[in-house]
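Okay, structure first, notes after.
Each chain gets a letter, A, B and so on, in the order the sequences are listed, and its residues count up from 1. Atoms considered below: every heavy atom in the structure, side chains included; atoms not considered: hydrogens, waters and symmetry mates.
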Amino acid sequence: MTRLPAIALVTMTLWVAAGTSAPAQGPQSVDLKALLDQYLRGDRDAAVASAAAVQDLGPLRLRFVQDTPGWIAGDPAQVETRRAVVAAFLLELTAARLESDWGRFSDLIEWQCLQMRTANATPSEFERAWHAASHALAGRARARQWLLGEFAVLPHQKPSKAPPSDPQHPPARHLMHALERFPDDPRFQLSRIVAWTWGRDTEPTRNVRGRDDDEPRAMAVTRRRLPSQLEAVIALETLTNITEVAADAYVRIGIMQFVVRDFGAALRAYEQAQEIATDLATKFIAFLNAGRTLEALKRPDDAARAYTRALEIVPDAESATIALASLRFAGDEREAAVTMIDTVFNRRPAPADPARLIPYGTFLRWPSLKSAMRAAISSTSPVPNRDAE
Amino acid sequence: MRRGRGSFLLLITGSSCLLAGAALDSQAVFRTRTESVAISASVKRGNSPVANLTASDFRLTDNGIAQAIEAVTIESVPLDVTLFMDTSGSTAGALDRMKRNVISIAGMLRPDDQIRLLTIGLSVDTNVPWQPAGKPISLDMKAVPGISLVYDALFVALTHTPAAGRRHLVVAMTDGQDCGSLLDGARVLDASGRSEAVLHWIYVSAGGDFDKQSVPAWCTPSDAGEEDFVEQSAIRTGGGKHRSRFGDPAVRTFAQILDEFRRSYVLRYSPRSVKGQGWHTVTVQVPAQPALTIKARSGYFGS
């Protein structure tokens with residue numbers, strides 16, 4: 001798609017969207033340029049919060065397409081920095097309204113992607129950080145088609161020749177654009193495979209006790225899906241030799257093997273991840289999911305040890321607490337289970353728990369990805385970052 | 001009070017339970033003496049609770065063996081009330097009514113009762129930790145679409161042991177559709193057989209009125225169309241399933257549940273001629289009045 005038709009299409013879409021909603025605030029009430037100036041000055045959290053407080057997003061979306069090109073061009077000496085500010089501001093605003101309004105921002109994100117691709121033939125480090133952050137947000141929405149397209153394939157598979165079902169409105173293929181710009185980035189390669197598994201990884205970490213014998217119909221469904229999940233394993237194994245993503249790749253292999261009920265293979269993958277993971281979230285998930293797998297293998301004592309190890313890594317994580325307490329509650333350690341639950345769940349707010357976010361790709365890393373994106377803006381010019389102080 | 005050896009209702013109870021209908025000193029109910037099983041049972045004629053029944057009116061079996069009921073009480077003891085509100089996307093349209101419901105329900109409790117509120121988002125959240133019923137409630141509820149940790153929340157709700165001299169009532173307002181829990185329905189059902197709580201499920205739904213621009217649910221509830229684990233869990237504890245709507249109807253339903261719970265009987269017996277371990281199926285009848293509706297815990301796990 002060329003630049004102008006794409007912009008025209010987005011603009012037209014936004015006009016329609018803005019016109020069909022019932023705005024609580026008119027376009028004049030959204031001074032997007034002022035908010036971008038505020039963000040540019042380094043008062044980032046406040047700028048994003050002001051925009052996120054707008055009740056009706058229609059006018060703001062329209063302003064974004066209409067006003068940002070002029071704002072970027074407003075200071076020729078800072079065009080790249082301003083372009084980065086617009087792009088980062090959009091992602092942070094999306095994050096603030098993510099759960100209720102993902103679908104109202106995804107087209108703008110892809111439009112912004114197009115702006116960056118067409119403005120610079122050589123991608124910048126900011127663009128890399130921005131893409132990584134955008135994939136995290138799309139992960140929360142599990143927007144597989146938006147990231148990969150309608151007939152996505154894995155790297156080792158033949159491309160599909162099927163025509164798009166709606167040629168006028170094909171999916172964005174946002175992640176594929178990132179891979180075109182950064183073909184050797186292992187994080188993007190992993191994200192592609194993980195996004196491909198969405199829809200094929202249903203309920204990966206539940207306890208499965210009682211299902212093996214009781215639900216032959218469900219198992220038959222799983223068997224029919226088995227080849228596609230093992231295709232993902234093949235793709236993931238190619239990443240286990242890359243230090244940066246190896247631990248995550250093993251965790252994802254474990255999840256796929258769990259789905260096809262090859263619990264032995266799943267456990268081996270989780271144990272590999274436990275050995276090499278350096279960040280706490282991945283290590284925690286490797287132990288927690290190993291515990292789920294050990295329960296499936298009817299080794300409750302070993303499962304309890306895995307949960308205990310997970311809780312040593314992320315103390316009071318509610319997922320591992322529930323998993324361990326449910327084992328103890330069903331056994332002879334009722335009082336211990338009650339104490340665990342009372343201790344962890346009688347506080348507010350709940351501590352962050354990586355295991356609850358693992359179905360959403362890299363979304364569990366959004367805070368650090370946002371920080372990296374902000375840092376990359378700062379690297380383009382000496383912009384103060386008050387929020388980091 | 002010391003609990004029985006890992007068994008959910010093998011309470012070490014006192015003998016000074018007062019007979020039904022009599023005034024009750026809540027502190028005297030749980031004096032330590034011997035291991036016994038306590039079964040909560042509500043008895044109704046139509047919609048009206050039946051009072052003044054005595055031990056000799058009941059027939060109770062444990063794994064099919066008739067047991068001697070040692071005491072029957074109507075325990076007007078203080079309550080621990082766990083309220084679970086399903087704040088996932090499937091009920092998101094009712095958030096304001098939910099908040100009003102929480103305030104109204106807390107207002108129905110007595111000063112010596114305590115309440116907590118569980119909600120669900122990307123985790124099971126204790127929105128309001130245990131607090132005295134009369135204390136103002138600070139609510140920060142928001143709807144989180146795309147995930148619905150119903151089973152995990154019910155497990156957390158059931159895994160609570162009330163202090164001596166108190167009873168635990170769990171009321172869950174949810175459509176029962178789980179998405180993303182670690183635990184499956186079977187594990188919740190198992191926990192309900194080990195819990196001291198009485199669980200009531202008020203089925204409420206926002207009618208599937210999703211905003212298509214929000215993040216979608218990522219999993220298909222795997223238990224859908226197979227077994228209704230939430231209802232089974234409620235029945236197992238001596239509670240039940242009720243259909244209602246957020247807002248005033250849900251408050252009225254809660255009021256009925258609370259009234260029934262406060263006026264329910266607790267039957268105590270020391271199991272005889274039955275093996276200790278494993279699941280014990282318990283039946284409760286009032287033989288002389290077969291038309292009465294009796295809702296009682298359906299059993300317990302022995303140790």
Side-chain angles (χ1 to χ4, degrees), chain A residues 57 98-106 140-143 198-199 201-211 214-215 217-218 288 292 317-323 325-326 329-335 337-342 344-353 355-357 359-360, chain B residues 3-8 89 92 116 118 121-130 138 140 142-147 149 151-153 155-161 178-188 190-191 194-195 211-222 226-227 301 303:
Chain A
L57 290 172
L98 180 61
E99 283 161 356
S100 59
D101 296 292
W102 159 255
R104 297 181 176 91
F105 286 107
S106 56
R140 174 67 181 96
R142 288 171 66 93
W198 292 337
D201 59 346
T202 306
E203 314 270 14
T205 59
R206 273 186 193 276
N207 58 302
V208 294
R209 192 182 63 141
R211 289 186 184 182
D214 301 344
E215 297 178 14
R217 185 172 59 82
L288 175 73
R292 313 308 297 161
E318 51 107 36
S319 60
T321 300
I322 288 173
S326 75
F329 200 62
D332 290 332
E333 299 175 90
R334 174 195 164 79
E335 295 299 327
V338 170
T339 300
M340 286 180 66
I341 293 292
D342 277 348
V344 171
F345 288 93
N346 201 30
R347 67 181 58 159
R348 180 184 179 191
D353 190 327
R356 297 298 192 190
L357 304 180
Y360 307 115
Chain B
R3 298 291 173 196
R5 299 183 301 269
S7 174
F8 89 106
R116 70 171 166 175
L118 300 179
L122 286 169
S123 59
V124 178
D125 298 319
T126 307
N127 206 294
V128 177
W130 287 116
S138 170
D140 183 21
K142 70 169 188 171
V144 178
I147 187 168
L149 304 174
Y151 291 155
D152 286 354
F155 176 79
V156 171
L158 290 166
T159 313
H160 167 70
T161 301
D178 184 273
C179 171
S181 279
L182 283 168
L183 307 182
D184 63 8
R187 188 63 66 93
V188 176
D190 179 87
R194 302 173 190 277
S195 172
D211 180 351
K212 291 179 180 176
Q213 305 299 332
S214 67
V215 297
W218 67 273
C219 57
T220 303
S222 60
E226 295 168 8
E227 286 187 76
F301 282 99
S303 62

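- Heavy-atom distances place no part of A/A143 under 4.5 Å from chain B, backbone and side chain included.
- Here the CD atom belonging to A/E318 is positioned 7.5 Å from the CG atom belonging to B/L182, to the nearest 0.5 angstrom.
- When each of A/I341, A/T339, A/T321 is scored by its heavy-atom pairs under 4.5 Å with chain B, the top score falls to A/I341.
- Within the 3.5 Å criterion, the main-chain N or O of B/G121 finds no donor-acceptor partner in the side chain of A/R356.
- The structure places CD1 of B/I147 at 3.5 Å from OH of A/Y360, a figure rounded to the nearest 0.5 Å.
- One distance of note links CZ of B/R187 with CD1 of A/I322; it measures 12.0 Å at 0.5 Å rounding.
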- [ ] Evaluate side chain to side chain contact (heavy atoms under 4.5 Å, CB included) for A/E99 paired with B/L122, printing each intermediate quantity in order.
- [x] CA-CA 11 Å; A/E99 283 161 356; B/L122 286 169; 3.8 Å; yes

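- When all heavy atoms of B/V124 and A/F345 are compared, the closest pair comes out as O-CE2, 3.6 Å.
- Atoms OG and CG, on A/S326 and B/L158 in that order, are 12.5 Å from each other to the nearest 0.5 Å.
- Per-residue heavy-atom pair counts under 4.5 Å with chain B were compared for A/D342, A/D353, A/V338, and the maximum is reached by A/V338.
- Judged purely by atom type and a 3.5 angstrom limit, A/R334 uses its side chain to pair as donor or acceptor with the backbone of B/R194.
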